[in-house]
Amino acid sequence: MKKDLKISRRTFLAAAGGSIVSIGLPGAFIKLSDAKQQAFAASLRPDGRPRLPPGQHAVEKILDMGGTAGTATAADWNMRIHGEVERAMVLSYEELLNLDQVHIVCDVHCVTGWTLLDSRWTGVRLGTIMDRVKPAKSGGFIIFEAAEGYTSNVPISDARKENVILAHSFSGERLQRAHGAPVRVVIPDRYFYKSAKWLEAVKFASRDEPGYWESRGYSNSADPWKEERYPN
Ligand SMILES: Nc1nc2c(c(=O)[nH]1)N[C@H]1C(S)=C(S)[C@@H](COP(=O)(O)O)O[C@H]1N2
Ligand SMILES: [Mo]
């Protein structure tokens with residue numbers, strides 16, 4: 001059932017050819033109560049921005065937004081870090097687990113309108129990886145390359161933030177396949193389509209390369225507090 005929905009979403013997109021259509025699956029949101037929504041909407045983050053970005057509502061648990069999963073398992077997964085770096089490398093799952101691990105608690109915001117507050121992820125900061133591969137330029141871009149050709153893109157300056165990680169665990173447990181196992185990107189302060197699931201490679205580039213959703217009518221900068229859902 002779910003599979004059919006996923007396929008029809010992709011097919012629909014292909015047929016729509018560039019016009020703006022909905023990301024993800026319809027319905028099935030389990031929202032928090034109105035009183036809780038209002039409390040979160042009124043509360044502020046340490047950086048002074050509202051906890052709930054404009055036009056978002058909080059949900060009780062993470063939703064499975066679909067996409068075409070990769071087939072890698074922890075045992076055979078590896079990730080190429082390549083492009084404009086001084087030292088390209090390939091990391092296995094075990095090697096990733098041997099780098100400095102961080103736990104983050106963050107809110108994630110899907111462009112379809114749901115926000116998951118206080119989600120807990122474990123993984124490795126992108127900054128840690130950058131310290132190893134040494135990007136050739138500080139002003140460049142990162143292209144996340146995921147299974148089946150899905151990509152997303154961010155400026156290196158965004159990826160350097162302390163809360164940007166390559167995650168292998170969610171809520172204290174290894175990621176489920178649906179949510180990007182073995183490893184996915186988590187970029188809390190951009191709409192969630194930047195957070196590629198089933199990550200296969202990280203490419204550094206001096207020129208930007210709009211990703212899967214970014215080249216299909218969604219914003220390239222994707223700042224939830226500016227409501228950058230669609231191109232400006
Ligand atoms: N590889 C891949 N990553 C992806 C997607 C996808 O279709 N394929 N969808 C994106 C979108 S639009 C969202 S909202 C989040 C959803 O993650 P979740 O299913 O774990 O909630 O994954 C993002 N990463
Ligand atoms: Mo999304």
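Positions are given from 1, in the same order as the sequence printed here. As the structure lists them, so they are numbered: ligands from 1, and atoms in each ligand from 1.
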Asker: Among residues at least two apart in sequence or on other chains, which ones pass side chain to side chain contact (heavy atoms under 4.5 Å, CB included) with S171?
Answerer: R120

Asker: Show me which atoms of ligand 1 lie under 4.0 Å from any heavy atom of S195.
Answerer: 22 (O), 23 (C), 24 (N)

Asker: Between R51 and D118 (salt bridge meaning N to carboxylate O under 4.0 Å), is one present in this structure?
Answerer: yes

Asker: Does the plane of the ring in Y218 sit parallel, tilted or perpendicular to the ring in Y230? Use 30° and 60° as the thresholds.
Answerer: tilted

Asker: Looking only at atom types and distance, does a side-chain atom of R184 sit under 3.5 Å from a main-chain N or O of S195, one as donor and one as acceptor?
Answerer: yes

Asker: Throw together a table of side-chain donor-acceptor distances under 3.5 angstrom for residues 135-142, partners on residues two or more places apart or in other chains.
Answerer:
none

Asker: If the cut-off is 4.0 Å to any non-hydrogen atom of I62, which atoms of ligand 1 fall inside it?
Answerer: 20 (O), 21 (O)

Asker: Heavy-atom distances under 4.0 Å decide this one: backbone, side chain, both or neither, for S152 against ligand 1?
Answerer: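 None of S152 does.
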
Asker: T128 and D131: side-chain donor and acceptor closer than 3.5 Å?
Answerer: no

Asker: Flag Y193 as yes when one of its N or O atoms lies below 3.5 Å from any N or O atom of ligand 1, and as no otherwise.
Answerer: no

Asker: Pull out every atom of ligand 1 sitting under 4.0 Å from any heavy atom of W114, numbered as shown with elements.
Answerer: 21 (O)

Asker: In terms of side-chain geometry, is the basic nitrogen of K203 or E209 positioned less than 4.0 Å from the acidic oxygen of its partner?
Answerer: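 Salt bridge: yes.
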
Asker: Considering only heavy atoms, does Y150 approach ligand 1 within less than 4.0 Å through its side chain, its backbone, both, or neither?
Answerer: side chain

Asker: Against heavy atoms of C110, which atoms of ligand 1 measure under 4.0 Å?
Answerer: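 It comes down to these atoms of ligand 1: 14 (S).
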
Asker: If you measure from each heavy atom of W213 to ligand 1, is any distance below 4.0 Å?
Answerer: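 Yes, that is the case, since the closest heavy atom of the residue is under 4.0 Å from the ligand.
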
Asker: Any donor-acceptor pair under 3.5 Å linking the side-chain atoms of T68 with those of E148?
Answerer: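 Note: E148 and T68 side chains miss the donor-acceptor criterion.
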
Asker: Run the numbers for me: atoms of ligand 1, each under 4.0 Å from some heavy atom of D64, listed by number.
Answerer: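 That gives atoms 19 (O) of ligand 1.
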
Asker: Report yes or no: does a heavy atom of A147 sit under 4.0 Å from some atom of ligand 1?
Answerer: no

Asker: Can you tell me if E145 and T151 form a side-chain donor-acceptor pair at under 3.5 Å?
Answerer: no

Asker: Any salt bridge linking R229 with E227? Criterion: basic side-chain nitrogen under 4.0 Å from a carboxylate oxygen.
Answerer: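 Salt bridge: yes.
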
Asker: At less than 4.0 angstrom from any non-hydrogen atom of W198, what atoms of ligand 1 do you find?
Answerer: 1 (N), 2 (C), 8 (N)

Asker: Taking the non-hydrogen atoms of A196, is any one of them nearer than 4.0 angstrom to ligand 1?
Answerer: yes

Asker: Going by the atom numbers of ligand 1, which of them fall below 4.0 Å from some non-hydrogen atom of A146?
Answerer: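 Within the 4.0 Å cut-off of A146, ligand 1 contributes 1 (N).
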
Asker: Minimum distance, heavy atoms only, to atom 17 (O) of ligand 1: which one of K194, H179, M65, R184 is it?
Answerer: R184

Asker: Hey, is ligand 1 close enough to L63 that some N/O pair sits below 3.5 Å?
Answerer: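 Min N/O separation from ligand 1 is below 3.5 Å for L63.
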
